[in-house]
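Take a look at the structure set out below.
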Amino acid sequence: MKVLVIGGGGREHAIVDALARSSQVEKIYCAPGNAGIALRAECVAIGDTEVERLRDFAASHDVELTVVGPEAALAAGIVDTFRAAGLRIFGPTKGAARIESSKEFAKELMIRHGIPTADYRAFADYGEALAYVRAHTLPVVLKYDGLAAGKGVVVAQSAEEAEAALRDMLLDDRYGKGRVVVEEFLTGPEFSFMCFVAGRSVRPMPTTQDHKRAFDGDCGPNTGGMGAYTPLPFLTAGEEAWALEHIMQRAADALADEGIPFTGVLYGGLMKTPQGIRVIEFNARFGDPETEVVLPRLRSDAAGIFCAVADGRDCGPLEWDDRAALGIVLASKGYPGSYAKGLPIGGLDRMRGTVYHMGTRRDGDRILTAGGRVLFVVGRGATLAEARDEALADVARIECDGLFHRTDIGHEALEQK
């Protein structure tokens with residue numbers, strides 16, 4: 001079959017890579033793609049939210065399956081548009097994707113259906129929100145009620161920090177015009193639990209943990225993720241089974257009960273607190289960078305899974321490689337703030353493991369930086385320590401003065417071991 005993948009980052013590179021391993025796939029297109037994806041797929045110069053152009057391309061090129069990567073495309077209603085044209089597409093409808101695009105919608109859904117999460121209040125007025133925060137014990141968690149590329153969350157340790165964040169979100173509209181959800185602060189290790197969901201059918205993927213802070217020791221500003229690893233030694237099989245039943249399955253059932261059944265990847269951003277596992281957030285698509293360490297472990301046929309879910313069918317039991325996977329982001333110096341673009345990258349031909357491109361472009365024979373997060377280097381091994389050693393060895397082979405990376409991805413698990 002011919003397949004179209006929407007997006008142009010590391011997540012989409014991992015999706016393309018998984019599809020390329022399928023015997024069912026003859027041709028892969030990717031819109032817009034990047035320099036690494038171009039080695040596996042034909043890149044198409046269409047933006048991920050140009051919904052009508054993407055629909056027309058899929059129809060005119062006999063595309064039998066479209067797989068959506070970015071949340072912005074889902075929030076723009078790409079699934080609804082494709083389905084109205086009779087095109088098969090993997091991802092949730094705009095209504096079901098609200099579980100990510102509106103934090104308030106997600107919180108209300110969880111409260112109605114008994115899904116464990118932090119207490120909260122939502123505000124549109126800056127003064128009311130500030131008064132509420134000042135009347136409560138710090139720290140508190142402030143979340144912009146909308147899409148913010150993984151950066152619209154602030155853990156305010158002081159009244160001054162809370163005031164600045166609320167001003168950003170409600171007065172200065174840093175992420176757009178929207179409301180703010182104020183949540184109680186929970187403690188414990190966070191982890192990501194992604195599942196293939198087709199209505200009430202929920203099939204789990206291996207749990208992962210990513211690292212949001214820019215620098216070693218979990219210091220510095222929040223990013224879209226600086227690395228990830230799987231499996232997680234701090235979670236027992238019983239805890240994963242509990243989260244599957246009481247959180248992921250319950251969320252899928254809740255959306256089906258409310259007339260907006262979910263099809264695609266439901267992502268639970270969860271925390272193991274002293275009181276039990278709680279939901280921090282839901283996303284309506286593959287996580288990034290979690291996908292880049294999960295899909296390399298997939299032994300089942302990716303195209304078959306995507307087609308079944310897109311058709312609303314149970315994709316069946318999944319097979320996974322037992323080896324650990326750990327990935328490290330190489331980001332542009334200055335990220336998540338301002339950074340230079342167009343710097344040449346050398347050493348990619350010497351990689352021994354897997355490298356996914358996150359923000360690159362080709363200029364003749366050269367690969368250049370083209371984003372904040374540029375490359376994602378994945379190591380594999382019988383243990384997490386072996387996987388990290390392999391990833392760090394490959395990182396050392398990359399030549400680019402404008403990149404930086406964390407050296408301690410997976411430290412929480414490795415220190416526990």
(message) Quick check against the 3.5 Å criterion: does Tyr339 have a side-chain atom that pairs as donor or acceptor with the backbone of Gly372?
(response) yes

(message) Between Arg406 and Gly227 (side chain of the first, backbone of the second, donor and acceptor by atom type, cut-off under 3.5 Å), is there such a pair?
(response) no

(message) So which atom in Asp394 and which in Arg352 form the shortest heavy-atom distance, rounded to 0.1 Å?
(response) OD1-N, 3.0 Å

(request) Locate the shortest heavy-atom distance separating Gly199 from Thr263; write the atom from each residue and the value. (result) N-CG2, 4.3 Å

(message) Between Leu87 and Thr66, does the side-chain contact (heavy atoms from CB on, under 4.5 Å) criterion hold? Intermediate values first, please.
(response) CA-CA 8 Å; Leu87 298 168; Thr66 297; 5.9 Å; no

(message) What verdict does the side-chain contact (heavy atoms from CB on, under 4.5 Å) test give for Ile277 and Met271, after you've listed the backbone C-alpha separation in whole Å, the side-chain angles of each residue and the deciding distance to 0.1 Å?
(response) CA-CA 5 Å; Ile277 296 173; Met271 180 180 283; over 6 Å; no

(request) Determine the minimum heavy-atom distance between Ala214 and Phe404, stating which atoms define it. (result) O-CE1, 3.5 Å

(request) With sequence neighbours left out, write down each residue that passes side-chain contact (heavy atoms from CB on, under 4.5 Å) with Arg380, or none if nothing qualifies. (result) Pro296, Arg297, Asp321, Arg323, Ala325, Val378, Glu390

(request) Nearest 0.5 Å please: distance from the CG atom of Leu348 over to the CZ atom of Arg397. (result) 12.5 Å

(message) Show the nearest heavy-atom pair for residues Ala162 and Val133, with the distance to one decimal.
(response) CB-CG1, 3.7 Å

(message) When you compare the side chain of Ile305 with that of Ser300, does any pair of heavy atoms fall below 4.5 Å?
(response) yes

(message) Test your reading of the model: is there a side-chain donor-acceptor pair from Gln249 to the backbone of Arg200, 3.5 Å cut-off?
(response) yes

(message) I'd like to know if the side chain of Gln209 reaches the main chain of Glu190, judged simply by a donor and an acceptor atom lying under 3.5 Å from each other, with no hydrogens or angles considered.
(response) yes

(message) Rounded to the nearest 0.5 Å, what separates atom NE2 in His357 from atom CG in Leu330?
(response) 11.0 Å

(message) Checking Ala31 now: which residues fulfil side-chain contact (heavy atoms from CB on, under 4.5 Å) with it, not counting sequence neighbours?
(response) Leu4, Val44, Ile46, Leu54

(message) Check whether Lys333 reaches the backbone of Ala340 with its side chain - one donor and one acceptor, N or O, closer than 3.5 Å.
(response) no

(request) For Thr208 and Tyr229, indicate whether the former's side chain and the latter's backbone hold a donor-acceptor pair under 3.5 Å. (result) no

(request) Would you please name every residue forming a side-chain contact (heavy atoms from CB on, under 4.5 Å) with Gln24, sequence neighbours left out? (result) Met1, Ser22, Asp301, Ala303

(request) Would you sort out whether Asp145 and Phe105 count as a side-chain contact (heavy atoms from CB on, under 4.5 Å), showing the intermediate values? (result) CA-CA 9 Å; Asp145 183 32; Phe105 170 84; over 6 Å; no

(message) Keeping Arg250 on the side-chain end and Gly114 on the backbone end, is there a donor-acceptor pair under 3.5 Å?
(response) yes

(request) Determine yes or no for a side-chain-to-main-chain donor-acceptor pair under 3.5 angstrom, with Arg373 supplying the side chain and Gly225 the backbone. (result) yes

Quick one: side chains of residues 191-198, donor-acceptor pairs under 3.5 Å with protein atoms, not counting sequence neighbours, listed by atom name and distance.
unit_1, atom_1, unit_2, atom_2, d
Ser192, OG, Tyr267, OH, 2.9
Ser192, OG, Glu290, OE2, 2.8

(message) Donor-acceptor check, side chain of Thr360 to backbone of Asn34, threshold 3.5 angstrom: yes or no?
(response) no

(message) Less than 6.0 angstrom from the centroid, inside 45 degrees of the normal: does Lys27 satisfy that with respect to the ring of Tyr29?
(response) yes

(request) Might you point out which heavy atoms bring Ala252 and Leu266 nearest each other, and give the distance in Å? (result) N-CD2, 4.4 Å

(message) So does Val16 get a backbone contact from the side chain of Arg40, meaning a donor-acceptor N/O pair under 3.5 Å?
(response) no

(message) Could you report the tightest heavy-atom contact between Ala228 and Ile409, atom names first, then the distance?
(response) N-CG2, 3.7 Å

(message) I'd like to know if the side chain of His211 pairs up with that of Asp408 as donor and acceptor (distance under 3.5 Å, no hydrogens or angles considered).
(response) no

(request) Go through the structure and list residues passing side-chain contact (heavy atoms from CB on, under 4.5 Å) with Glu52, not counting sequence neighbours. (result) Arg55

For residues 179-187, run the donor-acceptor check on the side chains, cut-off 3.5 Å, and write out each pair with its distance to 0.1 Å, sequence neighbours left out.
unit_1, atom_1, unit_2, atom_2, d
Arg179, NE, Glu104, OE1, 2.8
Arg179, NH2, Glu104, OE2, 3.2
Glu183, OE1, Lys143, NZ, 3.2
Glu183, OE2, Lys107, NZ, 2.8
Glu183, OE2, Lys143, NZ, 3.3
Glu184, OE2, Asp119, N, 3.0

(request) Rounded to the nearest 0.5 Å, what's the gap from OG1 on Thr93 to CD1 on Ile78? Could you check? (result) 13.0 Å

(message) Asp218 vs His411, test: side chain to side chain donor-acceptor pair (under 3.5 Å). Steps then yes/no.
(response) CA-CA 10 Å; Asp218 293 319; His411 68 85; 2.9 Å; yes

(request) Calculate, to the nearest 0.5 Å, the distance between atoms CE and CD1 belonging to Met110 and Ile247 respectively. (result) 9.5 Å

